Amino acid sequence: MKKWRPFATMPEQYVGLKEIINKQSEVAQPVLTEEKMEQMNFTLIEALHTNKQVYLTYYKKGQCITETGFI
């Protein structure tokens with residue numbers, strides 16, 4: 001899709017191309033098993049009590065977004 005970027009001279013074309021690029025990078029919503037949810041819960045509780053930094057990855061509108069922070 002990079003080869004089409006020079007042709008995005010009008011804002012409407014650029015918006016359309018950006019939507020196409022975003023749709024190509026969409027991923028299916030992951031399915032969490034009971035074991036995985038328990039493991040995440042344990043990790044979050046441990047981070048809360050020890051004040052450790054955690055990496056959180058969540059699904060939003062076809063994208064997996066990763067954030068870092070403290071609980």
Side-chain angles (χ1 to χ4, degrees):
M1 291 308 299
K2 289 182 181 180
K3 65 182 177 181
W4 295 105
R5 290 187 190 242
F7 297 105
T9 56
M10 291 188 287
E12 297 85 17
Q13 288 178 331
Y14 188 71
V15 170
L17 287 175
K18 188 174 182 178
E19 287 177 10
I20 292 170
I21 292 169
N22 287 341
K23 284 189 179 198
Q24 287 182 343
S25 65
E26 284 184 1
V27 294
Q29 184 172 1
V31 178
L32 295 176
T33 63
E34 190 70 31
E35 181 182 327
K36 187 68 173 174
M37 286 190 284
E38 287 177 16
Q39 181 184 11
M40 288 186 333
N41 190 34
F42 177 77
T43 303
L44 290 172
I45 290 171
E46 181 183 15
L48 176 66
H49 292 294
T50 60
N51 200 25
K52 287 185 179 179
Q53 185 176 10
V54 292
Y55 295 94
L56 299 173
T57 302
Y58 60 94
Y59 179 84
K60 183 177 181 181
K61 296 181 183 177
Q63 303 290 322
C64 286
I65 302 167
T66 301
E67 301 279 340
T68 60
F70 295 93
I71 305 295

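For clarity, every value in this text was computed on a predicted model and none was experimentally measured.
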Test your reading of the model: is there a side-chain donor-acceptor pair from Y59 to the backbone of V27, 3.5 Å cut-off? yes
Any side-chain heavy-atom pair from N41 and M37 closer than 4.5 angstrom?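 They are not in contact (no side-chain heavy atoms under 4.5 Å apart), so the answer is no.
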Could you give the distance from [atom1] ([X]) to [atom2] ([Y]), rounded to the nearest 0.5 Å?
X: L44; Y: K52; atom1: CG; atom2: NZ; result: 13.0 Å
X: N51; Y: E46; atom1: CG; atom2: CD; result: 12.0 Å
X: C64; Y: E26; atom1: SG; atom2: CD; result: 11.0 Å

In this structure, are over 12 heavy atoms from other groups packed under 6.0 Å from Q53 atom CD?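 Counting neighbours around CD of Q53, more than 12 heavy atoms of other residues, nucleotides or ligands fall under 6.0 Å, so yes.
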More than 12 heavy atoms of other groups within 6.0 Å of F42 CZ: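 Not buried by this count: 12 neighbours or fewer within 6.0 Å.
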When V54 is tested against each of T68, I71, L48 for side-chain contact (heavy atoms from CB on, under 4.5 Å), which residue passes?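 With V54 as partner, side-chain contact (heavy atoms from CB on, under 4.5 Å) holds for just one option, I71.
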